[in-house]
Amino acid sequence: METKLLTSVKSPKAIRNWPVAQLEELAREIRQVIIETTAQSGGHIGASLGAVELAVALHYAYDTPRDQLIWDIGHQAYAHKLLTGRGEVFATLRQLNGLSGFLKRRESEYDVWEAGHASTSLSAAMGIASARDLRHESYRVVAVIGDGALTAGMAWEAMNQIGQTKTNLVMVVNDNSMSIAPNVGAFSRYLTELRAAPAYTRMKQEVEQLLDSIPVFGGPLRKSVERIKDLLHRAVLPRNVFEELGFKYYGPIDGHNLSELIPVLRNAQLVQGPVVIHAITQKGHGYRPAEERPGEFHGPGPFEIHSGRFIKKSQPQSYSQVFSQTLVELAKTHPEIVAITAAMPDGTKLDLFQKAFPHRFFDVGIAEQHAATFSAGLALGGMRPVFAVYSTFLQRAYDQLIHDICHQDLPVILGVDRAGLVGGDGATHQGVYDIAFLRAVPNMEIAMGKDEQELRQLLAAALNIPHPVALRYPRGAGMGSDANAASLTPIPWGKGEWMVKGEDATIIAIGPMVYQALAAQEILVHEGYRIGVVNARFIKPLDSELLRQVIVGTRALITLEEHAVAGGFGSAVNEWCNDQGVSLPILNAGLPDEFIDQGATDYYLNLYELNGEGIARRVRTWLPQEERIKKQIK
Ligand SMILES: Cc1ncc(C[n+]2csc(CCOP(=O)(O)OP(=O)(O)O)c2C)c(N)n1
């Protein structure tokens, strides 16, 4: 398809005097580019197709980048990217050194706020608006937030503040009634009711027109007349939640209709104080397969445009699948098991549990903090809660973890999904900090199997542990064993596995990095090095007995993890060695102290010398001098 209009748009300034018909044509072109690009690269097509007209209308009606446009999460902002001079590089979306799948301030001056996690936009907007007011500046601040993101406490904390102050701030609610899965909760139900009340809106408009026709006199009379109008308004019409909180409410309006959107956005600019514009949109709008299967098209990999079929390489089952299937199996004989997700039933694969045990499954919305404390309550009430959550989103629930779960030593199992590098989602989503933040907390026990079989056995074992347990597992496909056919014999708790003995050095690895350690060992053994490999399995508590045996027969230690070195598994081993008075040389191999952008996991394992060859290289140069000399002499 030709994209003549879009190609001509180097910045949003270009479109500000276009007629609506031309803007509509532009929206069609943008939609086509999003479909064609994501069909190749994968990405957040559904949300982005749903926000095309919003992006066009916002850049049309506002003086961006002077006016500050903030997108919640940023996954829906592909049209924003295309309108702000990134069309030529759009094909690099989510790829190494390419455009981020979210917003990035270094990518564009139009990217005001970086996110990836939900529900931060309103707090950010309020901060920016307050700074503007304090500095007596006059630009406008607009935040776009989805109905899903409005299920998070943080959004309400911000609204609580915004509604009380009288700052000028516009909040566009992009309401498609979907989170990734269908949205949940009482507020979501409330929005549905609000959406379905055009009669209310019509009546409201009529009453407002009537009230507006009452003349307002100047001077001291003005305030009391305004107040009488306000009282009349309240008496005639019930106010919705947003109005009760102190926002002026416009809506619901059709979020795909530029002729409706643009005047409302313009009117909102005339209002003093905070405004909510409630726009009804459709996830996947304009691409039939995404409209019909919005959950699957939230963030798919590559797909065939004409059929909407996903182009999947055949892969072993994912760790998430194995985790969830195992949980279903265990739940058959453990009626106390309940499963909790924070808006990620598909991603965590807990949808399998939901199907098997609908009454023992809870989707609490994008509410990780609540999910953690809710799990604590379930445990206190005699259930065995299993909260499956991506490592990166668990960050949200840190206080709840310390204060509600660990402090009370409650037997909550955390399924820490996507632990490690995550690929296309990049810096905001890397699961490479959880060991550091979890292991500092008393009572927390942390384990990670070397493959999906061990994940199964660890989950079975965790059920017998009367403490909080975090079971980590990576994103994506497992190692390929038919895990579900294998036995569910629990792994002895706290026990690692000494796989290979080696006098020159021993690599102590955690999780699937054990296989990288074995690959390095294989390379080095051919060069005459005697390298041992330990599958640690447990990060907390460490298997002290095994470590004590290992250090007797080896001259150096290498710790290996797909996690930040700072505070990670290697740090735990260092602390243990210090504590035991062990003075062996230790090399901590892991991820550096920097945010890691999008790119294939294999690429980064190679870059940071964490794959077999990389580790072998590092070991060769690092091994204590005398070991090297010995090998060279050989
Ligand atoms: C704290 C947090 N938890 C979970 C997610 C995963 N996530 C990404 S998008 C999304 C749904 C957001 O729904 P909504 O705000 O309505 O936007 P939509 O995708 O429907 O446009 C979720 C749950 C996240 N980004 N941040």
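When a ligand or atom number is given, it counts from 1 through the structure's own listing order.
With His429, Met154, Glu368 as candidates, the residue nearest to atom 3 (N) of ligand 1 on a non-hydrogen basis is Glu368.
Close contacts between ligand 1 and Asn176 involve ligand atoms 18 (P), 20 (O), 21 (O) [criterion: under 4.0 Å to a heavy atom]. Every atom of ligand 1 is numbered from 1 in the order shown, and the set under 4.0 Å from a heavy atom of Ala149 is 14 (P), 15 (O). Close contacts between ligand 1 and Arg396 involve ligand atoms 1 (C) [criterion: under 4.0 Å to a heavy atom]. Taking every non-hydrogen atom of Gly148 and a distance limit under 4.0 Å, the qualifying atoms of ligand 1 come out as 13 (O), 14 (P), 15 (O), 16 (O). Atoms of ligand 1 found under 4.0 Å from any heavy atom of Ala47 (numbered from 1 in listed order, with element): 19 (O), 21 (O). For ligand 1 and Gly146, the ligand atoms under 4.0 Å from any heavy atom of the residue are 14 (P), 15 (O), 16 (O). Close approach of ligand 1 to Ile73 is summarised as follows: ligand atoms under 4.0 Å from at least one heavy atom of the residue are 9 (S), 12 (C). Close approach to Lys283 involves these atoms of ligand 1, each under 4.0 Å from a residue heavy atom: 18 (P), 19 (O), 20 (O).
Atom 11 (C) of ligand 1 has its closest protein heavy atom at Ser179 OG, 3.4 Å. Taking atom 5 (C) of ligand 1 as the reference point, the nearest protein heavy-atom neighbour is Phe393 CZ, 3.2 Å. What sits closest to atom 26 (N) of ligand 1 on the protein, heavy atoms only, is Ala118 N, 2.8 Å.
Close placement of the Tyr78 and Phe90 rings is indicated, their centers lying within 6.0 Å of each other. The distance between the ring centers of Tyr398 and Tyr433 does not fall below 6.0 angstrom. A distance below 6.0 Å separates the ring centres of His117 and Phe393. Less than 6.0 angstrom separates the ring centroid of Phe187 from the ring centroid of Trp156.
When each of Glu114, His75, Gln598, Lys81 is paired with Phe102, the side-chain contact (heavy atoms from CB on, under 4.5 Å) condition holds for His75 and for no other.
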Side chain to side chain contact (heavy atoms under 4.5 Å, CB included) evaluation trace for Ile277 with Val275: CA-CA 7 Å; Ile277 296 172; Val275 172; 4.0 Å; yes
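The shortest heavy-atom contact between Pro385 and Ser375 is CG-O, 3.2 Å. Residue His285 comes nearest to Arg31 through the heavy atom pair O-NE, 2.7 Å, listed as atom of the first residue, atom of the second, then distance. Ala372 approaches Ile405 most closely through the heavy-atom pair O-CD1, 3.5 Å.
For Arg360 and Phe357, the positive end sits near the middle of the six-membered ring, less than 6.0 Å away and at most 45° from its axis. Under a cutoff of 6.0 Å and an axis angle of 45°, Arg293 and Phe310 form a cation-pi pair.
Both the backbone and the side chain of Ile180 come within 4.0 Å of ligand 1, judged by heavy-atom distances. No part of Asn183 comes within 4.0 Å of ligand 1, judged by heavy-atom distances. Residue-level proximity to ligand 1 for Asp147 is carried by backbone and side chain together, each with a heavy atom below 4.0 angstrom. Only the side chain of His75 comes within 4.0 Å of ligand 1, counting heavy atoms alone; its backbone N, CA, C and O stay farther away.
Residue contact check for ligand 1: Gly50 places no non-hydrogen atom closer than 4.0 Å to it. The closest approach between His298 and ligand 1 falls below 4.0 Å for a heavy atom of the residue.
Distance CG/Asp175 to CG/Leu150: 8.5 Å, rounded to 0.5 Å.
Taking distance alone, with nitrogen or oxygen atoms compared against 3.5 Å, Gly116 approaches ligand 1 more closely than that limit. Polar contact with ligand 1: absent for Ile366 (N/O pair, distance under 3.5 Å).
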